[in-house]
Amino acid sequence: MRRDVFQAIADPTRRQIINMLATQRLNLNAVAENFNVSRPAISKHIKILTECGLIVITQQGRERHCEVRLQKLSEVSDWIEQYRQFWNKKLDALENYLNQLQATERNKKSSKPKRHGRKK
């Protein structure tokens, strides 16, 4: 099954694993100890993260160590970037429209003849 990075980050447990491994390299047992789920369940999450290219597992003696590859997350930021640009353009257009409305209101107020004297 082909997996992508979006599938990997869709699950909160996998995001938490990525966060843990972002600061340090851990063996599989150390990763599993941080969760209240079974080790096989964590192994399934690790497998998905590995298939997505977010984690690399290296064998060191009898232990398997997990190391995160955060470069793969650039696919997510690239995807988000296009929508950030889209919304920035929309918000800039809204700001320009509001500025025009305010300028029009100011012009209306300044062009009204001023009354002198008191109302009776």
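- What you find for I57 and C66 is that their closest heavy atoms are CG1-SG, 4.2 Å.
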List the atom pairs, donor and acceptor, that lie under 3.5 Å between side-chain atoms in residues 73-87 and the rest of the protein, sequence neighbours left out.
unit_1, atom_1, unit_2, atom_2, d
S74, OG, Q71, O, 2.8
E75, OE2, K72, NZ, 2.9
S77, OG, S74, O, 3.1
E81, OE1, R84, NE, 2.9
E81, OE1, R84, NH2, 3.4
E81, OE2, R84, NE, 3.4
E81, OE2, R84, NH2, 2.5
E81, OE2, Q85, NE2, 3.1
Q82, NE2, W79, O, 3.2

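- D11 approaches T13 most closely through the heavy-atom pair OD1-N, 2.8 Å.
- Between I55 and I17, the shortest heavy-atom distance links the atoms CD1-CG2, 3.9 Å.
- The side chain to side chain contact (heavy atoms under 4.5 Å, CB included) search around K108 returns T104, E105, not counting sequence neighbours.
- Note that OG1 of T50 and CZ of R3 are 10.5 Å apart. Values are rounded to the nearest 0.5 Å.
- Contact check for I9 versus R14: no side-chain heavy atoms found under the 4.5 Å cut-off.
- Contact check for L70 versus I18: side-chain heavy atoms found under the 4.5 Å cut-off.
- Every residue meeting the side chain to side chain contact (heavy atoms under 4.5 Å, CB included) condition with L98, not counting sequence neighbours, appears here in chain and number order: L94, L101.
- With sequence neighbours excluded, the residues that form a side chain to side chain donor-acceptor pair (under 3.5 Å) with N27 are E63.
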Distance-only donor-acceptor pairs under 3.5 Å for side chains of residues 30-41, two or more places apart:
unit_1, atom_1, unit_2, atom_2, d
N34, ND2, A30, O, 2.7
S38, OG, A41, N, 3.2
R39, NH1, N29, OD1, 2.5

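- With sequence neighbours excluded, the residues forming a side chain to side chain donor-acceptor pair (under 3.5 Å) with R69 are E67, listed by chain and number.
- In terms of hydrophobic clustering, with Ile, Leu, Val, Met, Phe, Trp and Tyr side chains grouped at heavy-atom distances under 4.5 Å, L21 and I42 are assigned to a common cluster.
- Transitive grouping of hydrophobic side chains (ILVMFWY, heavy atoms separated by less than 4.5 Å) brings V68 and F6 into a common cluster.
- Annotation: side chain of D4 is not in contact with side chain of C52 (no heavy-atom distance under 4.5 Å).
- Under the salt bridge (charged side-chain N to carboxylate O under 4.0 Å, His left out) criterion, R64 pairs with no residue, sequence neighbours left out.
- With sequence neighbours excluded, the residues that form a side chain to side chain donor-acceptor pair (under 3.5 Å) with T58 are R25.
- In this structure E95 satisfies the side chain to side chain contact (heavy atoms under 4.5 Å, CB included) test together with D92, N99, sequence neighbours excluded.
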